[in-house]
Every structure is written in C-alpha cells, then in structure tokens.
Amino acid sequence: AKLIADLLRKHYQYPRRTMIQEYLSNARDAHREIKQTKKIKVKLPLPTSPQLVIRDFGPGLSEERLIKHFC
C-alpha cells in the first residue's frame with residue numbers, strides 16, 4: 001500500500017481521491033464480472049474510527065490472476 005501511495009503522490013494532483021476512485025472502480029468491476037446484485041458497502045472514516053472501508057462481493061483474485069495482472 002505504501003508503494004502505491006508513493007506512486008500516486010508523484011503522478012496525481014489528488015492522490016487520496018485517485019486511490020479511493022480506483023478502489024471503488026475495482027469493486028464495481030468485480031460486481032459486474034459476476035453480475036452481483038448486492039450493493040458495494042462503504043464506511044467513511046470517523047474521528048473514533050479513522051479507516052475507510054470499501055467492501056465488495058466480487059470473486060476476488062485467484063493466485064493465477066494476481067500473477068498474470070500484477071507481476
């Protein structure tokens with residue numbers, strides 16, 4: 001995650017927004033891939049819980065797809 005954040009920081013004016021857009025886009029694509037009808041869940045950060053949580057119900061990445069797309 002740090003490597004991705006560093007790359008975004010160097011190439012985008014709004015790296016946080018870009019990273020969130022990418023996560024949401026990936027979640028949407030995962031749902032479309034399997035025609036998922038459940039809604040993507042997004043939990044925004046709060047002072048008491050500072051994490052952004054994006055939950056999709058897509059198929060996930062198999063080891064084979066992970067290697068093919070990211071290595």
Side-chain angles (χ1 to χ4, degrees):
K2 183 178 179 338
L3 174 63
I4 292 169
D6 289 344
L7 288 170
L8 290 171
R9 214 174 281 120
K10 292 177 185 174
H11 298 288
Y12 293 94
Q13 183 176 1
Y14 303 105
R16 285 184 186 161
R17 181 169 53 185
T18 301
M19 196 166 12
I20 292 167
Q21 287 171 333
E22 183 64 22
Y23 285 131
L24 290 170
S25 176
N26 288 348
R28 182 197 60 216
D29 292 346
H31 275 216
R32 285 180 177 170
E33 182 179 336
I34 63 166
K35 296 179 174 62
Q36 178 58 263
T37 58
K38 288 184 182 180
K39 292 185 178 188
I40 296 165
K41 295 184 178 185
V42 178
K43 190 189 273 188
L44 298 175
L46 300 169
T48 57
S49 178
Q51 291 112 359
L52 169 70
V53 178
I54 300 171
R55 170 77 165 102
D56 71 62
F57 300 93
L61 282 175
S62 66
E63 184 177 350
E64 180 182 323
R65 276 179 89 178
L66 183 67
I67 291 168
K68 181 181 175 185
H69 291 286
F70 298 103
C71 295

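Count residues from 1 along the sequence.
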Would you kindly confirm whether Leu24 and Val53 end up in one hydrophobic cluster when ILVMFWY residues are joined by side chain heavy atoms under 4.5 Å apart? no
Closest approach of Ala30 to Pro59 (non-hydrogen atoms, all atoms of both residues): O-CD, 3.5 Å
Identify, with sequence neighbours excluded, every residue that meets salt bridge (Lys or Arg N to Asp or Glu O under 4.0 Å) alongside Glu33. Arg65
CD-CG distance between Gln36 and Asp56, expressed to the nearest 0.5 angstrom: 8.5 Å
Among all residues two or more places apart in sequence or in another chain, which pass the side-chain contact (heavy atoms from CB on, under 4.5 Å) test with Lys41? Arg55, Phe57
Sub-4.5 Å side-chain heavy-atom contact between Asn26 and Glu22: yes
Cluster question for you: counting only ILVMFWY and a side-chain heavy-atom cut-off of under 4.5 Å, with indirect links fine, are Ile40 and Ile34 together? no
State whether the side chain of His31 and the backbone N or O of Lys38 hold a donor-acceptor pair below 3.5 Å, judged by distance alone. yes
